[in-house]
Every structure is written in C-alpha cells, then in structure tokens.
Amino acid sequence: MMARLYLARNLLRDDGVIFISIDDNEAANLKVLCDEVFGANNFLGNIAWESKTKSQNTKTSYNKLQPKVEYIWLYKKNTCN
C-alpha cells in the first residue's frame, strides 16, 4: 500500500488533495501510512459514512458485531497551501 500512496502523492498537483476510502479493519494502519507519506500536518480530516443501513441476520452473523461505518481520509499534498 505504501508504494501506491507514494505514487498517488507524486501524481497530485502541488495544491491537490486526496480522498481515500477504507473500512474499519485497516483505517488505523492507513492513517499511519498516510501520515508518513503525506505528513501528519497535511491531514485535513476524516469522514465517517454509514455504508450499511441494515444488520445481516444470517446464520453466521446474527450474534456478531456488524460494523456499518466506513471512513474517508483526506490529505493535501503540501503544507504551504
């Protein structure tokens, strides 16, 4: 994932921003990687959105915690903007 993030950063214009969508399983890891690639001071915020509106009532999932939220991390390329 790191190589793709560096490539994405290099493809951005100097005043560019990137929105990266991720589920709850890897959100914390992505934040660490993005802070390294883009710089923690270039973090603009995150958006949490409800990706599922209904619980799954299947035989294997009825008694498990069912995450319904996914995240979008927002970074800018440069701090000078």
Distance (rounded to the nearest 0.5 Å) between [X] [atom1] and [Y] [atom2]:
X	Y	atom1	atom2	result
M2	L30	CE	CG	10.5 Å
I18	L11	CD1	CG	9.0 Å
E36	L5	CD	CG	10.0 Å
N46	F19	CG	CZ	12.0 Å
I72	I22	CD1	CD1	11.5 Å
N78	D15	CG	CG	8.5 Å

Practice problem: Name all residues meeting the ring pair (Phe, Tyr, Trp, His ring centres under 6.0 Å) criterion together with F43; count only those two or more places apart in sequence or in a different chain, and write none if there are none. | Solution: W73, Y75

Self-check item: Selection residues 38-49 - residue pairs positive for salt bridge (Lys or Arg N to Asp or Glu O under 4.0 Å), sequence neighbours left out
Solution: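 For residues 38-49: none.
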
Quiz item: Looking at residues at least two apart in the chain, or sitting in another chain, which of them share a salt bridge (charged side-chain N to carboxylate O under 4.0 Å, His left out) with D23?
Solution: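 Residues passing salt bridge (charged side-chain N to carboxylate O under 4.0 Å, His left out) with D23: none at all.
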
Self-check item: Hphob cluster co-occupancy, L12 + L7, side-chain heavy atoms under 4.5 angstrom
Solution: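 Per the 4.5 Å side-chain linkage, L12 and L7 are not co-clustered.
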
Practice problem: State, to 0.1 Å, how close R9 and V37 come at their nearest heavy-atom pair, and which atoms those are. | Solution: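 Reported closest heavy-atom pair: NH1-O, 3.0 Å.
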
Quiz item: Considering residues at least two apart in sequence or located in another chain, which fulfil the side chain to side chain contact (heavy atoms under 4.5 Å, CB included) criterion with L44?
Solution: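 With sequence neighbours excluded, L44 shows a side chain to side chain contact (heavy atoms under 4.5 Å, CB included) to V17, L74, K76, given in chain and number order.
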
Self-check item: Set of residues satisfying side chain to side chain contact (heavy atoms under 4.5 Å, CB included) with respect to A48, sequence neighbours excluded
Solution: V69, Y71

Quiz item: With sequence neighbours left out, what residues match E26 under side-chain hydrogen bond (donor to acceptor under 3.5 Å, both in side chains)?
Solution: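 Applying side-chain hydrogen bond (donor to acceptor under 3.5 Å, both in side chains) to E26 gives N29.
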
